[in-house]
Amino acid sequence: MENVEIAHILGKYADLLEIQGEGLFRVLAYRKAARTLESLSQQVAQLLAEGKDLEELPGIGKSMAGHIQEIIKTGTLKGLKKLRKEIPTTLDELLEIEGLGPKRTKQLYEQLGISSIKELERALDSDKVDSLRGFGQKSVEKIRQAIQNLGKRPKRFKLLDADQLVRPLIEYLRKGGNIEQLEVAGSYRRRMETVGDIDILAASDNPQPVMQRFQSYPEVERVVAAGATRGTVILRSGLQVDLRILPRRSYGSALHYFTGSKAHNVAVRKLGVERGLRVSEYGVFRVPEGKRAEDVGVEEGERIGGAKEEDVFRAVNMDSVPPELREDRGEIQAAQKHKLPDLIVLEDIRGDLHMHSKWTDGNGTIIEMARACKERGYQYCAITDHSKAVRVAGGLSAEDFKRQREEIEDARTKVLGITIFTGCEVDILPDGSLDLPDDVLEQLDVVVAAVHAKMDMTQSEMTKRVLKALAHPAITILAHPTGRLINHREPFAIDLEEIFHAAKRTQVVVELDAQPDRLDLNDLHLFRAREIGVKIAINTDAHSTGQLRFMRYGIDQARRGWLEKRHVLNAMAQPQLEMWLKQRRQRFDKAAAL
DNA sequence: GCCGTTTTCGGCCCGACTGTTTTCAGTCG
């Protein structure tokens with residue numbers, strides 16, 4: 001059973017407990033445990049099998065560990081079944097409705113017997129709902145609207161799409177003036193592969209005109225909320241944008257706060273509390289003696305800092321944590337011990353080892369691709385067109401690759417100052433064999449192997465298939481290992497843990513495909529690959545010269561996976577890489593001789 | 001339900017906005 005499935009059950013249980021009126025902290029404990037599971041880089045079922053103690057995980061104690069074991073064993077929770085008998089199973093779907101939380105959901109159920117969205121809609125049409133205490137005509141209208149909006153807007157936006165929507169908005173806000181500093185925070189700043197909404201932070205002494213301008217941005221479809229310092233709008237694209245405006249003295253602490261993640265913030269604030277500090281978006285303050293926390297004003301007490309983000313980290317004795325790491329996945333402890341990783345940056349990349357040309361489904365010629373790589377400052381690139389099994393892409397035969405080699409040799413004489421490697425993206429066929437004969441493969445500098453068809457195998461079949469391919473001595477890189485397309489196609493079933501161990505044994509490099517809709521491997525996979533000691537190649541899989549810029553998204557994802565320059569194959573300088581590839585060929589020759 | 005060299009009991013991050021409320025609860029991030 002997958003961690004996310006277990007987390008989902010725990011989360012569901014928390015929802016129902018909350019509706020039932022269970023103490024909030026017990027509810028939060030289940031949510032925290034769910035979050036912990038979601039951010040593990042290994043399957044919890046496997047940790048158990050290895051005899052690991054789950055109670056060592058944050059937010060998981062004796063009884064939670066028991067719950068988790070029960071879910072793995074039985075697929076569900078007894079307590080959840082019991083709750084389901086007391087509360088209609090459809091009740092938690094009401095929580096999906098914007099503006100409806102546990103309290104009002106409970107009220108609707110207990111006082112009107114409403115337990116599904118359908119029943120709620122009927123009740124809204126009569127005047128039953130607005131006669132309830134706490135509900136008025138406006139609430140009824142808002143709920144009605146929220147039901148209509150359900151499922152209408154995309155749940156999460158790919159980072160590339162968010163980039164394109166955010167850039168003009170930022171420009172528009174800046175042009176309006178009255179802004180001293182402006183930044184996009186939230187999951188966007190943490191460079192998550194997808195973002196649910198956009199959080200913009202501005203420093204201003206005159207917030208009113210800024211908020212005004214924000215609401216009148218031409219792309220705004222509707223204004224959800226607009227206060228003095230905080231506003232929320234939905235753009236025509238469906239993207240929700242929050243703007244928060246604070247004075248400059250609070251900008252750093254606010255940036256930290258709104259960058260999140262929530263789990264990271266909770267952990268940092270807790271460290272603050274232990275030191276008698278109050279950490280909020282307004283700054284870091286020493287809590288005045290003898291006052292109850294709830295009686296203290298937001299800016300009361302001695303101000304320790306807040307203008308700069310570093311102030312927050314310094315106040316709790318930590319090194320500054322790069323946004324990409326702020327997920328409470330160990331970065332707090334690492335920052336306290338001065339052991340944060342030295343994360344890879346775009347400038348560390350020396351070349352791109354997976355791209356297509358006009359020979360198959362790419363738009364650029366070999367010369368154009370090589371030239372574009374050179375312009376990016378790369379020392380090398382590899383042309384890796386599809387093999388014949390990928391019919392739709394016009395995959396090449398063994399004969400085609402021999403002819404392509406002549407063109408590459410010609411390009412080498414025309415584009416100087418960059419090494420152009422020969423290569424291919426060879427299909428891993430359903431039986432695990434490769435789609436090109438060995439004598440072709442052994443002539444190529446870089447062999448990228450990937451699954452493109454028959455992705456509906458069982459996990460054990462798919463794992464066997466890829467393991468067989470990994471055992472082939474010709475393979476340099478395993479490309480997009482899970483085959484997922486964000487928001488479009490689920491990853492195929494495969495046991496990556498086993499794949500990583502095999503890749504480490506056979507010294508096959510595993511790819512992080514930087515296409516914004518692939519980003520395959522994901523951050524947790526990368527973290528685990530790093531732990532196991534697998535080398536990673538960050539490649540764009542570019543199908544045009546323009547797509548070479550996707551390297552940036554690969555770097556973002558790699559940083560989220562704690563990768564450093566030393567973990568990345570194509571951060572190697574050209575001579576070292578040539579040496580590395582040479583050793584690989586020797587291994588191939590040795591295997592062939594056996 | 002979790003957690004702890006100040007605690008094994010009593011805390012648990014902190015604040016804005018909205019609507020309905022005559023002073024605050026609910027929801028959200």
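Values below: every heavy atom of this structure, side chains too, minus hydrogens, waters and symmetry copies. To find a chain, count down the sequence lines: A is the first, B the second, and so on, and within it residues start at 1.
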Student: Distance check: side-chain N/O of R278(A) vs OP1/OP2 of dG15(B), anything under 4.0 Å?
Tutor: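 Yes.
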
Student: So does T232(A) get a side-chain nitrogen or oxygen closer than 4.0 Å to the phosphate oxygens (OP1/OP2) of dG29(B)?
Tutor: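 No.
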
Student: May I have the distance from E274(A) (atom CD) to dT7(B) (atom C1'), rounded to whole angstrom?
Tutor: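 After rounding, the reported distance stands at 12 Å.
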
Student: Any base atoms under 4.0 Å from Q137(A), or only sugar-phosphate, or nothing? Heavy atoms, all strands.
Tutor: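 Result for Q137(A) = sugar-phosphate.
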
Student: Return the value, rounded to whole Å, for the distance between atom CD of Q145(A) and atom P of dT18(B).
Tutor: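 Atom CD in Q145(A) sits about 16 Å away from atom P in dT18(B).
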
Student: Rounded to the Å, how far apart are R104(A) CZ and dT18(B) P?
Tutor: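 Taking atom P of dT18(B) as the reference, CZ of R104(A) is at 14 Å.
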
Student: When you compare dT5(B) with dG1(B), how far apart are their C1' atoms, in angstrom units rounded to a whole number?
Tutor: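 dT5(B) and dG1(B) have their C1' atoms separated by 23 Å.
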
Student: Which nucleotide, in any strand shown, forms a Watson-Crick or G-U wobble pair with dA16(B), with both distances under 3.5 Å?
Tutor: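 Its partner is dT27(B).
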
Student: Closest to the D199(A) side chain: dG1(B), dC17(B), dG29(B)?
Tutor: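 The answer is dG29(B), which lies nearest to the side chain.
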
Student: Rounded to whole angstrom, note down the C1' distance from dG26(B) over to dT21(B).
Tutor: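 Approximately 12 Å lies between the C1' atom of dG26(B) and that of dT21(B).
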
Student: Please state how far atom OH in Y282(A) lies from atom P in dC14(B), giving the value in whole angstrom units.
Tutor: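 So the OH-P distance, Y282(A) to dC14(B), works out to 14 Å.
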
Student: Tell me whether the OP1 or OP2 atom of dC17(B) has a side-chain N or O from T229(A) closer than 4.0 Å.
Tutor: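 Result: yes.
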
Student: Does Y30(A) have any side chain to side chain donor-acceptor pair (under 3.5 Å) partners at least two apart in sequence or in another chain, and if so, which?
Tutor: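 Here the qualifying residues are H67(A).
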
Student: For G231(A) and G134(A), find the nucleotide of DNA chain B closest to each by heavy atoms; which residue's nucleotide sits nearer the 5' end?
Tutor: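 So the residue in question is G231(A).
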
Student: Please give, in whole Å, the distance from dT18(B) P to E98(A) CD?
Tutor: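 Rounded to the whole Å, the gap is 12 Å.
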
Student: Just to confirm, is there a sub-4.0 Å distance from OP1 or OP2 of dT18(B) to any side-chain nitrogen or oxygen of S139(A)?
Tutor: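 For S139(A), the contact criterion (side-chain N or O under 4.0 Å from OP1 or OP2 of dT18(B)) is not met.
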
Student: What interatomic distance, in whole Å, is found between P of dC28(B) and the corresponding atom of dT20(B)?
Tutor: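 Straight-line distance between the two P atoms is 15 Å.
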
Student: How far, in whole Å, is dG11(B) from dA16(B) if one measures between their P atoms?
Tutor: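 The same atom, P, in both gives a distance of 24 Å.
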
Student: Please classify the nucleic acid contact of L57(A) as base, sugar-phosphate, or nothing, using heavy-atom distances under 4.0 Å.
Tutor: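 Result for L57(A) = sugar-phosphate.
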
Student: Please give the distance between the C1' atoms of dT8(B) and dC3(B) as a whole number of Å.
Tutor: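 Nearest-Å result for dT8(B) against dC3(B) at atom C1': 9 Å.
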
Student: Would you say that more than 12 heavy atoms from the other residues, nucleotides or ligands in this model lie under 6.0 Å from the CD of Q208(A), or not?
Tutor: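 Open: at most 12 neighbouring heavy atoms sit under 6.0 Å from CD of Q208(A).
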
Student: Heavy atoms under 4.0 Å, any strand shown: does L28(A) hit a base, just sugar-phosphate, or nothing?
Tutor: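 The answer is nothing, as L28(A) stays clear of every strand by at least 4.0 Å.
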
Student: Counting only heavy atoms not in R275(A) (residues, nucleotides, ligands), do more than 12 fall under 6.0 Å from its CZ?
Tutor: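 Yes - once you tally the heavy atoms of other residues, nucleotides and ligands closer than 6.0 Å, there are more than 12.
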
Student: Would you say K142(A) places a side-chain N or O within less than 4.0 Å of OP1 or OP2 belonging to dG19(B)?
Tutor: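 Yes, within the criterion.
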
Student: Let me know the distance between CG of L17(A) and P of dC2(B), rounded to the nearest Å.
Tutor: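 The answer, rounded to whole Å, is 13 Å.
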
Student: With respect to the side chain of F25(A), which nucleotide from dG15(B), dT18(B), dC12(B) is positioned closest?
Tutor: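 Minimum distance to the F25(A) side chain belongs to dC12(B).
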
Student: Provide the distance between the two C1' atoms, one in dC13(B) and one in dG29(B), to the nearest whole Å.
Tutor: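 Comparing C1' positions in dC13(B) and dG29(B) gives a spacing of 12 Å.
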
Student: Using the six-membered base ring of dC14(B), report whether Y257(A) stacks on it, requiring centroids under 5.5 Å and planes under 30° apart.
Tutor: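 Stack criterion not met.
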
Student: Just checking E490(A): does its CD atom have more than 12 heavy atoms from other residues, nucleotides or ligands closer to it than 6.0 angstrom?
Tutor: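 No, the 6.0 Å shell around CD holds no more than 12 heavy atoms from other groups.
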
Student: Where the side chain of V273(A) is concerned, which of dG1(B), dC14(B), dT27(B) is the nearest nucleotide?
Tutor: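 Of dG1(B), dC14(B), dT27(B), dC14(B) is nearest to the side chain of V273(A).
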
Student: As a quick check of understanding, evaluate salt bridge (Lys or Arg N to Asp or Glu O under 4.0 Å) for R144(A) and E141(A), giving each step before the final call.
Tutor: CA-CA 5 Å; R144(A) 211 193 293 274; E141(A) 227 9 82; 3.3 Å; yes

Student: Could you tell me whether the phosphate oxygens of dC13(B), OP1 or OP2, come under 4.0 Å of any side-chain nitrogen or oxygen in R269(A)?
Tutor: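 Negative; the distance criterion is not met.
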
Student: In whole Å, what is the span from the CZ atom of R31(A) to the P atom of dC28(B)?
Tutor: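 Spelled out: CZ on R31(A) to P on dC28(B) is 11 Å.
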
Student: For L24(A) and dG11(B), what is the distance between atoms CG and C1' respectively, to the nearest whole Å?
Tutor: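 Value for this atom pair: 14 Å.
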
Student: Suppose you measure atom C1' in dC2(B) against the same atom in dT7(B); what distance do you get, rounded to whole Å?
Tutor: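 The answer is 14 Å between these two C1' atoms.
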
Student: I'd like the C1' distance from dC9(B) over to dT27(B), given in whole Å.
Tutor: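 Each nucleotide's C1' atom is 31 Å from the other's.
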
Student: Answer with base, sugar-phosphate or nothing: what part of the nucleic acid does A226(A) contact at a heavy-atom distance below 4.0 Å?
Tutor: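 Here A226(A) touches the backbone only, sparing every base.
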
Student: Using a 4.0 Å heavy-atom cut-off, does K32(A) contact any base of the nucleic acid, only the sugar-phosphate backbone, or nothing at all?
Tutor: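 Touches nothing.
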
Student: From Q333(A) CD over to K339(A) NZ, what is the distance, rounded to the nearest 0.5 angstrom?
Tutor: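 Result: 12.5 Å between the selected atoms.
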
Student: Counting any heavy atom closer than 4.0 Å, what does V279(A) reach on the DNA or RNA strands: base, sugar-phosphate only, or nothing?
Tutor: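 If one applies the 4.0 Å heavy-atom cut-off, V279(A) turns out to touch the sugar-phosphate alone, with no base involved.
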
Student: Which comes earlier along DNA chain B counting from the 5' end, the contact point of A228(A) or that of F135(A), where each point is its nearest nucleotide?
Tutor: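 Its nearest nucleotide being more 5', the pick is A228(A).
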
Student: Using a 6.0 Å distance limit plus a 45 degree cone around the ring axis, check whether R329(A) lies over the aromatic ring of F527(A).
Tutor: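 No - R329(A) does not lie over the ring of F527(A) by the 6.0 Å and 45° rule.
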
Student: Any side-chain N or O of Q240(A) under 4.0 Å from OP1/OP2 of dG29(B)?
Tutor: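 The answer is yes; a side-chain N or O of Q240(A) sits under 4.0 Å from OP1 or OP2.
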
Student: Which part of the nucleic acid, if any, lies within contact of R133(A), taking any heavy atom under 4.0 Å across all strands shown: a base, the sugar-phosphate backbone alone, or nothing?
Tutor: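 Nothing: the residue R133(A), judged by heavy atoms under 4.0 Å, touches no strand.
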
Student: State which residue, out of I234(A), V233(A), I198(A), fulfils the side chain to side chain contact (heavy atoms under 4.5 Å, CB included) condition with L239(A).
Tutor: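 Single side chain to side chain contact (heavy atoms under 4.5 Å, CB included) partner of L239(A) among I234(A), V233(A), I198(A): I198(A).
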
